[in-house]
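Heavy atoms only: backbone and side chains are in, while hydrogens, waters and symmetry mates are out. First the proteins, then the strands, lettered A, B, ... as listed; each starts at 1.
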There are 2 protein chains.
Amino acid sequence: MALKIRKNRSPEPPPGCPLTECMSVIGGAWTPNVIWSLRAGPRRFSELRLDIPPVSPKVLTMRLRGLEEKGVVNRKVRPTSPPSVEYSLTALGEELVPAIEAIVAVGHKIKQR
Amino acid sequence: MALKIRKNRSPEPPPGCPLTECMSVIGGAWTPNVIWSLRAGPRRFSELRLDIPPVSPKVLTMRLRGLEEKGVVNRKVRPTSPPSVEYSLTALGEELVPAIEAIVAVGHKIKQR
DNA sequence: CTGAATCCCCTGCGATACTG
DNA sequence: CAGTATCGCAGGGGATTCAG
């Protein structure tokens, strides 16, 4: 009965390719903005929301969690009375700042047309 | 009547932001691979397909068209008997090679973990 | 050979409301 | 403050087929 087995379905380029590997890190919506914002120093959750107004808390959380588990950002919970959580770039996270900078630089060039 | 006008529906960060601007260029699936492939020199349609096997012709065309209209690649039709089209990076296109390189470099770092 | 046209599924993301 | 839960839609991208 025409049982199509499930065509490969590889929505993304082969994992293992460094290019793809990194794109999966910065590819999500708002991700570059988050990193860009963190680049200047540690930021709390709500501060990030202020830095990037249109992002919803859900997505911000998703990005932060994703980045955390990829070792790009640190999540430090401060046991204060009003809970506060501080996010910062790890060493690895710092590594991709230049990449983002390169992207921003090209962005300028593109805008100029 | 609580008519919330807003609802902006801005699936993407504000256009005008250079970061976003560039991400919209290299953000599509396979786009970085295409640029990466073109980096070494001009390539024809089918050559690109060989370079990036899993990409479908439809998507490849979409990417190429998108990149063309953003002034990143040149499309040169050769009026040969079997039609052949050559794609190459424009000056602007060359500009974003470093960005991709930076991304690839980070990709390596990430893989090493 | 280089695409254009179709179909269709899947995920990502937005919005909103609720909790510790 | 810092998230979590739920819902829903739109669009991106895969497969396949047709055309100049």
Side-chain angles (χ1 to χ4, degrees), chain A residues 2-14 20 23-34 42-69 73-88, chain B residues 2-14 20 23-34 42-69 73-88:
Chain A
L3 174 52
K4 308 271 232 130
I5 295 284
R6 227 347 159 182
K7 255 30 184 54
N8 226 338
R9 271 270 143 236
S10 60
E12 299 277 311
T20 305
M23 284 304 285
S24 74
V25 172
I26 63 176
W30 306 111
T31 308
N33 304 74
V34 170
R43 278 261 190 283
R44 296 176 39 200
F45 191 85
S46 47
E47 289 178 319
L48 288 172
R49 295 200 62 188
L50 291 175
D51 289 342
I52 319 165
V55 72
S56 73
K58 177 183 121 181
V59 173
L60 183 52
T61 301
M62 292 177 78
R63 291 296 95 90
L64 256 8
R65 289 287 194 267
L67 292 174
E68 185 190 1
E69 90 181 35
V73 308
N74 276 322
R75 180 170 181 270
K76 184 174 303 186
V77 180
R78 200 86 60 70
T80 59
S81 31
S84 92
V85 183
E86 200 176 73
Y87 293 92
S88 56
Chain B
L3 174 52
K4 309 265 236 134
I5 303 276
R6 268 313 248 89
K7 239 26 165 124
N8 220 332
R9 267 264 147 240
S10 60
E12 298 276 310
T20 305
M23 283 305 283
S24 75
V25 172
I26 63 175
W30 305 110
T31 306
N33 304 74
V34 170
R43 279 261 190 284
R44 296 177 37 201
F45 191 84
S46 48
E47 289 178 319
L48 288 172
R49 295 199 63 188
L50 291 176
D51 288 342
I52 319 165
V55 73
S56 72
K58 177 185 121 181
V59 172
L60 183 53
T61 300
M62 292 176 75
R63 292 294 97 90
L64 255 9
R65 288 288 192 267
L67 293 174
E68 184 188 1
E69 88 181 36
V73 308
N74 277 322
R75 180 170 181 270
K76 184 174 303 185
V77 180
R78 200 86 61 74
T80 58
S81 31
S84 91
V85 183
E86 200 178 73
Y87 294 92
S88 57

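In this structure the side chain of B/L60 never reaches within 4.5 angstrom of the side chain of B/W30, judged on heavy atoms.
Sequence order on DNA chain D of the closest nucleotides to A/E86 and B/V59 puts A/E86 first from the 5' end. Between B/R44 and A/G27, the residue whose closest nucleotide on DNA chain C is further toward the 5' end is B/R44. Residues B/V85 and A/P83 both approach DNA chain C. Their nearest nucleotides, taken by heavy-atom distance, put B/V85 toward the 5′ side.
When the nucleotides D/dT16, C/dC13, C/dT2 are ranked by their closest atom to the side chain of B/S46, C/dT2 comes out on top. Side chain of A/R63, nearest nucleotide from C/dT2, C/dC13, D/dG3: C/dC13. Checked against C/dG3, D/dA2, C/dG14, the side chain of A/W30 finds its nearest nucleotide in C/dG14. Minimum atom distance to the side chain of A/K58 is reached by D/dC7, of the listed D/dG14, C/dA4, D/dC7. Residue B/P82 places its side chain closer to C/dC1 than to any other of C/dC1, C/dG14, D/dG3.
In this entry the distance linking CZ of B/R75 with P of C/dT2 reads 10 Å, nearest Å. In this structure, CD of A/E68 is placed 15 Å from P of D/dA2, rounded to the nearest angstrom. Put simply, CE on B/M62 is 16 Å from C1' on C/dT2, counting in whole angstrom units. The interatomic distance linking B/L48 (CG) with C/dG3 (P) rounds to 10 Å, in whole Å. For B/L64 and C/dG3, the CG to P distance is 7 Å, given to the nearest whole Å.
Considering only side-chain N and O atoms, A/Y87 lies under 4.0 angstrom from the phosphate OP1 or OP2 of D/dG3. Within the 4.0 Å cut-off from OP1 or OP2 of C/dG3, at least one side-chain nitrogen or oxygen of B/R65 is found.
Residues that satisfy the side chain to side chain donor-acceptor pair (under 3.5 Å) test with B/N74, not counting sequence neighbours, are absent from this structure. Residues passing the side chain to side chain donor-acceptor pair (under 3.5 Å) test with B/R75, sequence neighbours excluded: B/Y87.
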>> Evaluate B/V34 against B/V73 for side chain to side chain contact (heavy atoms under 4.5 Å, CB included), listing each step before the verdict.
In response: CA-CA 10 Å; B/V34 170; B/V73 308; 5.6 Å; no
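In this structure, B/R78 reaches neither bases nor backbone, as no heavy-atom distance under 4.0 Å exists between it and the strands shown. Across all strands, A/R49 comes closer than 4.0 Å to no nucleic acid atom at all (heavy-atom distances).
Screening B/R78, B/R44, B/K76 for a salt bridge (Lys or Arg N to Asp or Glu O under 4.0 Å) with B/E86, the sole residue that qualifies is B/R78.
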